[in-house]
Trainee: 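Below is a structure I'd like to ask you about.
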Amino acid sequence: MTSDRDNLPLTHALKLRRSVLTVPAINRRALDKVAALDCDAVIFDLEDSVAPEKKAEARANLLDFLEKTDLGHRERIIRVNASGSAFFRDDMDAVLACMPEAVLLPKVEEPEAVQSVAELIDKSGAAEGLRVWAMIETPRGILNAAAIASCGRTAAARLDAFVVGLNDLRKATGVPAAPGRSALVPWLMQVVLAARAYGLDVIDSVSNDFKDLEAFAAECNQGRAMGFDGKMLIHPAQVDGANTAFGPSTGDIAHARLVVAAFARPDSAGLNVINADGRMIERLHLEEAEHLLAKLQNIQDRKVHAT
Ligand code: COA
Ligand code: MG
């Protein structure tokens, strides 16, 4: 059975989401910084980083900021308050007025939470392009990750990516913050697997300690090793580390070029499996290599446009 997602253009798969910086919509100084940062995406937060009495001011800030600011290649995502909260309707009105690339829903625990927001967007007659991202950050969210991700089988649900939120998950489960996150790895991998099963991107949780860039780099590398596409960031100092860890490494690039060259040799024609310097490579590795090189091209094109 094929899904609507199977028919999405290749550009979707080539989207860069290495560095997903969150910025409190209430903070004008921080908002004014993002257009100069080398992040792939920006989450404008109306939820936990904005005090209840400041929500209206934050929405007004955001509307004004997005109207005036061209963020170039950076994807724009607005994180709204939970659908059961008093702020949700006004937050969604702000989203529909701003038309970002996506709306990020906090504490998603059931597929219906995604579907009902997708329906609300449909009813508003908003542009096709508005996608839904879901935060997976509660015990039930982790347990139901596969059911939630299965919304991604139909484009109608608009679901595009998961973002893991470990601050809430640690609070709810009692698992303390610790270097290496070893106790959390099974849950993180469950979210990655669920996302991949239904063609979603998946973004690793924030690291709170933005001064310790060595620990941050180690956590990014761990996230990359687990299969995440990128990391949610809280501070500009974290952007370069995430871009490096989640971008193709020098070794990855050299290997991808070797695979492409090996399959391009005349004696490889008609072969599905070949010997490349003592290692077996298959056509599936060629697809992976071409994908990686296309992403690299994407990163390089972006650099050219930025200069
Ligand atoms: N995006 C853009 N700019 C940011 C930023 C962010 N997320 N975080 C900090 N900056 C800016 C600051 O405005 C500051 O610039 P300024 O000196 O011109 O004001 C500069 O970077 C250096 O910031 P620094 O002094 O190191 O930190 P801070 O005390 O201003 O802010 C935090 C620290 C943690 C409060 C801030 O980084 C933040 O709010 N992060 C996002 C938190 C969030 O969204 N949480 C919810 C999801 S987990
Ligand atoms: Mg949260």
Side-chain angles (χ1 to χ4, degrees), residues 17-52 54-55 57-59 61-62 65-66 68-69 71-72 74-85 87-88 91 100 102-109 113 132-142 145 148 161-175 177 181 184 187-188 191 202-213 215-216 219-220 223 228 230-243:
R17 288 169 173 163
R18 300 163 300 171
S19 45
V20 181
L21 177 67
T22 179
V23 50
I26 194 67
N27 186 340
R28 264 327 285 227
R29 277 180 78 94
L31 285 175
D32 286 337
K33 295 231 151 47
V34 294
L37 297 172
D38 188 23
C39 51
D40 292 331
V42 181
I43 295 174
F44 299 98
D45 188 31
L46 294 171
E47 198 219 9
D48 281 351
S49 68
V50 180
K54 299 270 187 181
K55 301 283 187 194
E57 186 185 334
R59 280 182 218 111
N61 256 350
L62 192 53
F65 174 77
L66 288 177
K68 291 182 182 149
T69 315
L71 286 175
R74 296 165 197 80
E75 257 187 298
R76 299 159 309 153
I77 301 106
I78 298 179
R79 185 166 78 167
V80 294
N81 289 278
S83 59
S85 75
F87 311 112
F88 177 71
D91 288 354
V103 53
L104 174 59
L105 310 178
K107 298 189 179 68
V108 173
E109 299 192 318
V132 176
W133 290 22
M135 295 230 42
I136 304 295
E137 52 183 345
T138 62
R140 281 170 46 136
I142 302 280
I148 299 164
F162 277 167
V163 182
V164 177
L166 288 184
N167 283 326
D168 278 296
L169 190 67
R170 286 192 191 104
K171 180 173 167 233
T173 57
V175 175
R181 304 189 290 181
L184 296 163
W187 298 340
L188 291 167
V191 178
V202 59
I203 311 298
D204 197 359
S205 174
V206 296
S207 284
N208 298 336
D209 188 354
F210 60 83
K211 293 275 185 217
D212 188 348
L213 292 181
F216 178 71
E219 199 169 288
C220 284
F228 284 99
K231 199 161 172 68
M232 183 169 169
L233 313 177
I234 52 162
H235 193 278
Q238 297 178 323
V239 172
D240 286 348
N243 283 347

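One-based numbering, in listed order, for ligands and for the atoms of each. Note that these values count all heavy atoms, side chains included, but never hydrogens, waters or copies made by symmetry.
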Trainee: Hey, is there an N, O or S on E137 sitting under 2.8 Å from the Mg ion (ligand 2)?
Mentor: yes
Trainee: For atom 4 (C) of ligand 1, is the nearest protein heavy atom under 4.0 Å away?
Mentor: yes
Trainee: Are V163 and V20 packed together at the side-chain level, in the sense that at least one heavy-atom pair is separated by less than 4.5 angstrom?
Mentor: no
Trainee: Numbering the atoms of ligand 1 from 1, which are under 4.0 Å from a heavy atom of R29?
Mentor: 16 (P), 17 (O), 18 (O), 19 (O)
Trainee: Enter the distance from R79:CZ to S49:OG here, rounded to the nearest 0.5 Å.
Mentor: 6.5 Å
Trainee: Quick check on atom 28 (P) of ligand 1 - does any protein heavy atom sit closer than 4.0 Å to it?
Mentor: no
Trainee: Given side chains that start at C-beta, do those of D168 and D48 come closer than 4.5 Å, heavy atoms only?
Mentor: yes
Trainee: Any non-hydrogen side-chain atom of L169 less than 4.5 Å from a side-chain atom of V175?
Mentor: no
Trainee: What residue and atom, counting heavy atoms only, is the protein's closest point to atom 15 (O) of ligand 1, and at what distance?
Mentor: K33 NZ, 3.0 Å
Trainee: Check each atom of ligand 1 against the heavy atoms of P24 and keep those under 4.0 Å away; list them by number with element.
Mentor: 39 (O), 41 (C), 44 (O)
Trainee: Report whether any nitrogen, oxygen or sulfur of D168 sits less than 2.8 Å from the Mg ion (ligand 2) (N, O or S, backbone or side chain).
Mentor: yes
Trainee: Using a 4.0 Å cut-off to any heavy atom of F210, which atoms of ligand 1 qualify?
Mentor: 26 (O), 33 (C), 34 (C)
Trainee: For F65 and F44, take the angle between the two ring planes, folded into 0 to 90°, and tell me which bin it lands in: parallel under 30, tilted 30 to 60, perpendicular over 60.
Mentor: tilted
Trainee: Can you list the atoms of ligand 1 that are under 4.0 Å from a heavy atom of R79?
Mentor: 46 (C), 47 (C)
Trainee: Can you name the nearest heavy-atom pair linking R181 to D204, along with the distance?
Mentor: NH2-OD2, 2.8 Å
Trainee: Tell me which protein heavy atom sits closest to atom 2 (C) of ligand 1, plus the residue, atom name and distance to 0.1 Å.
Mentor: A30 O, 3.4 Å
Trainee: Just which atoms of ligand 1 are under 4.0 Å from any heavy atom in L21?
Mentor: 1 (N), 7 (N)
Trainee: Please examine the side chains of V80 and F88, heavy atoms only from C-beta on, and report whether any two atoms are closer than 4.5 Å.
Mentor: yes
Trainee: Does ligand 1 have an atom that lies less than 4.0 angstrom from a heavy atom of I234?
Mentor: yes
Trainee: Got K33 and L21 here, is their nearest side-chain heavy-atom distance under 4.5 Å?
Mentor: no
Trainee: Determine whether I142 and V191 make a side-chain contact, defined as any pair of heavy atoms from C-beta on separated by less than 4.5 Å.
Mentor: yes
Trainee: Say whether N27, considering both its backbone and side-chain N or O atoms, lies within less than 3.5 Å of an N or O atom on ligand 1.
Mentor: no
Trainee: Counting heavy atoms only, name the option from S49, A25, P236 that's nearest to atom 10 (N) of ligand 1.
Mentor: P236
Trainee: Could you tell me whether D45 approaches ligand 1 through its side chain, its backbone, both or neither, with non-hydrogen atoms closer than 4.0 Å?
Mentor: side chain
Trainee: Any N or O of N167 that comes nearer than 3.5 Å to an N or O of ligand 1?
Mentor: no
Trainee: Please state which protein non-hydrogen atom is closest to atom 23 (O) of ligand 1 and give its distance, to 0.1 Å?
Mentor: H235 NE2, 3.3 Å
Trainee: Mind checking whether V42 and R76 have side chains closer than 4.5 Å, heavy atoms only?
Mentor: no
Trainee: Should R170 and L184 count as side-chain neighbours, where that means a heavy-atom distance under 4.5 Å?
Mentor: yes
